[in-house]
2 protein chains.
Amino acid sequence: MSLPYAILSILVSAPSSGYDLAKRFNSSVEGSVGFFWSASFQQIYRELNRLEAKAWLQAEAVQQENRPDKRIYAVTALGKQQLCQWIAEVEEMASIKDELLVKLYAGHLVSRQTIVTKLEVHRQQHQQRLAIYQEIKSLYFKNPQALSKTHQFQYMTLLRGIHYETGWLAWFDEIMPLLQVTHPDSADLFGRSQN
Amino acid sequence: MSLPYAILSILVSAPSSGYDLAKRFNSSVEGSVGFFWSASFQQIYRELNRLEAKAWLQAEAVQQENRPDKRIYAVTALGKQQLCQWIAEVEEMASIKDELLVKLYAGHLVSRQTIVTKLEVHRQQHQQRLAIYQEIKSLYFKNPQALSKTHQFQYMTLLRGIHYETGWLAWFDEIMPLLQVTHPDSADLFGRSQN
DNA sequence: AAAGATTATTCAATAAATTGAGTATAAGAT
DNA sequence: ATCTTATACTCAATTTATTGAATAATCTTT
């Protein structure tokens, strides 16, 4: 389980409240951290408490005037040491769990239109994500040579996001034509939903 | 949770034992289903029992002479109907949980070599996966136009795997040079591990 | 003949993730 | 003045996933 380490990885360069962290883990706009790790706000708050109890994090209460007060978490020396140790460990390739592909695999059970519509929706979502990532790139990473070490690594994860979304789009463009054509030998000239 | 549906999706075109299913969900060689959904054998056996209890699956005991007996599961009419219903539902984009990218994000905390070595290992793993997928493509999907509907959809998921791995390789090739160069303004000429 | 690998499956403890409700402050909109 | 939205966080029930141990038959290797 890497959620605690994912939290540490962010906090180590940007101390934040649970609320801010949750946004970075869930929104594709803010921080783009959600691209490589996602977690619900309940998960994050629970984990922050655990990490504080283990003294890997320390919290500072911040009074605010225009909003509710909050607690800003920062990584302790111990936390940083634990994070470094974890980074050095060997990790497995990330496993994928993709509902769309499961559905596509069994796509022969439903109408072509059902699948095509789904693919069109997802294509647009990936397109939008890509646009966001490219926006971030052009705004904050205009000159990659001049980045600090910290930002250099963040830039690399952003590039991964861009390649990921580009890969999706290329795939959509390759398979869409396969779906729209009805082949003469397919014995399926009337749009029936069965094989 | 889509594990029950992922199981149904496979069984609907290929009735199998739990053991065979588990292999398809875990190995990148056998069936390539593990590319888009992964599950442990314990998870699969538990789910098979649940699905049988709900009558979405029916099992047939098969006596074998050269191996232990087994139970072959097949999807019932009810199971097929439930699967179709689920496919028609709207699904979210798959969320990603990638340890490597978390570690890369915090890569500034460790030595460059630590990161470079990791990336080289992963690059090779993705290269190998791609080779497997391309092997499957050239063996079983030589002539995409002539595929049955069922195989056409399996082919599309295979293509997704190929695009995915290709995207990883392109990314590795883009970022590796960024890591190996020490910039004159980086104030880090001696390979120290800190920022 | 014994040891290890492969096939085939079950059980149980623990950890983690999901879902849903709930609390509270304050800003802005209708 | 009330409704909605945003900020900020907590608790608890349920479901899922992970981890580890077992059982048992057969085949292969030493």
Side-chain angles (χ1 to χ4, degrees), chain A residues 1-7 11 15-27 29-31 34 37-54 57 59-73 86 91-92 94-99 102, chain B residues 1-7 11 15-27 29-31 34 37-54 57 59-73 86 89 91-99 102:
Chain A
M1 220 277 294
S2 334
L3 176 58
Y5 298 105
I7 289 174
L11 293 182
S16 326
S17 67
Y19 188 82
D20 287 329
L21 258 182
K23 274 196 296 185
R24 308 190 73 196
F25 273 110
N26 282 304
S27 139
V29 187
E30 313 215 23
W37 205 271
S38 42
S40 67
F41 65 95
Q42 295 96 329
Q43 250 181 299
I44 290 163
Y45 281 112
R46 183 162 38 78
E47 205 57 52
L48 285 171
N49 288 330
R50 284 181 191 166
L51 291 171
E52 196 186 3
K54 285 203 282 186
L57 290 181
E60 190 203 350
V62 174
Q63 261 101 58
Q64 296 186 116
E65 272 163 25
N66 295 352
R67 287 108 224 261
D69 298 347
K70 61 182 176 182
R71 286 159 62 77
I72 300 284
Y73 291 89
W86 174 77
E91 66 291 320
E92 306 244 297
S95 75
I96 294 174
K97 297 199 170 176
D98 195 314
E99 280 197 21
V102 173
Chain B
M1 219 274 294
S2 332
L3 176 58
Y5 298 104
I7 289 174
L11 294 183
S16 326
S17 67
Y19 188 81
D20 287 330
L21 258 182
K23 273 196 296 188
R24 308 190 73 198
F25 273 111
N26 282 303
S27 138
V29 186
E30 313 215 23
W37 205 272
S38 41
S40 68
F41 65 95
Q42 295 95 329
Q43 251 181 298
I44 290 162
Y45 280 110
R46 182 163 39 80
E47 205 57 52
L48 285 171
N49 287 330
R50 284 180 190 168
L51 291 170
E52 197 187 2
K54 285 203 282 185
L57 290 181
E60 191 202 351
V62 174
Q63 260 100 59
Q64 295 185 117
E65 272 163 24
N66 294 353
R67 283 112 224 260
D69 297 346
K70 62 181 175 180
R71 285 159 63 76
I72 300 283
Y73 290 90
W86 174 76
E89 284 171 20
E91 66 291 322
E92 306 243 297
M93 285 171 83
S95 74
I96 295 174
K97 296 199 171 177
D98 194 313
E99 281 197 21
V102 173

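Chain A is the first sequence line, chain B the second, and so forth, proteins listed ahead of strands; every chain is numbered from 1.
- Atom CD of B/Gln63 is separated from atom P of C/dA8 by 13 Å (rounded to the nearest Å).
- Listed for the B/Asn26 side chain is no donor-acceptor partner under 3.5 Å among the backbone atoms of B/Gly34.
- Comparing the helix axis at one end of the helix from C/dA1-D/dT30 to C/dT30-D/dA1 with that at the other, each defined from 5 consecutive pairs, gives an inter-axis angle of 30° (nearest 10°).
- Legend: residues meeting side-chain contact (heavy atoms from CB on, under 4.5 Å) with A/Ser17, ordered by chain and number and at least two apart, are A/Tyr19, A/Asp20, A/Lys70, A/Ile72.
- Between B/Arg71 and A/Ser2, it is B/Arg71 whose nearest contact on DNA chain C lies nearer the 5' terminus.
- Phosphate proximity of D/dT7 to A/Lys23: present, with a side-chain N or O under 4.0 Å from OP1 or OP2.
- Here the nucleotide nearest the side chain of B/Tyr45, chosen from D/dC9, D/dT16, C/dT9, is C/dT9.
- Residues satisfying the salt bridge (Lys or Arg N to Asp or Glu O under 4.0 Å) criterion with B/Glu60, sequence neighbours excluded, are absent altogether.
- In terms of heavy atoms, B/Arg71 sits closest to B/Ala59 at NH2-CB, 3.3 Å.
- A straight line from CG of B/Asp20 to C1' of C/dT9 spans 13 Å, rounded to a whole angstrom.
- Take A/Asp98 and apply the side-chain hydrogen bond (donor to acceptor under 3.5 Å, both in side chains) test, not counting sequence neighbours, and it matches no residue.
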Tabulated below should be each protein N or O lying under 3.5 Å from an N or O of nucleotides 18-22 of chain D; please produce it.
| from | atom 1 | to | atom 2 | distance (Å) |
| --- | --- | --- | --- | --- |
| D/dT18 | OP2 | B/Gln43 | OE1 | 3.3 |
| D/dG20 | N7 | B/Gln42 | NE2 | 3.4 |
| D/dG20 | O6 | B/Gln42 | NE2 | 3.1 |

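- For the pair A/Trp37 and A/Gln64, nearest-nucleotide mapping onto DNA chain C gives the more 5' position to A/Trp37.
- Using modelled atom types, one side-chain atom of A/Ser40 and one backbone atom of A/Gln43 make a donor-acceptor pair closer than 3.5 Å.
- In this structure, CD1 of B/Ile44 is placed 14 Å from C1' of C/dT10, rounded to the nearest angstrom.
- For B/Glu60 and C/dA8, the CD to P distance is 14 Å, given to the nearest whole Å.
- Put simply, OH on B/Tyr19 is 16 Å from P on D/dT26, counting in whole angstrom units.
- A heavy-atom distance below 4.5 Å is not found between the side chains of A/Leu21 and A/Tyr45.
- When the C1' atom of C/dA24 is taken as reference, atom CG of A/Asp69 falls 11 Å away, rounded to whole Å.
- Under the side-chain contact (heavy atoms from CB on, under 4.5 Å) criterion, B/Glu89 pairs with A/Lys103, B/Trp86, sequence neighbours left out.
- Residues passing the salt bridge (Lys or Arg N to Asp or Glu O under 4.0 Å) test with A/Arg50, sequence neighbours excluded: A/Glu47.
- Atom CG in A/Asn26 sits roughly 15 Å away from atom P in D/dA6 (whole-Å rounding).
- Rounded to an integer number of Å, the gap from CG of A/Asn49 to P of D/dA12 is 13 Å.
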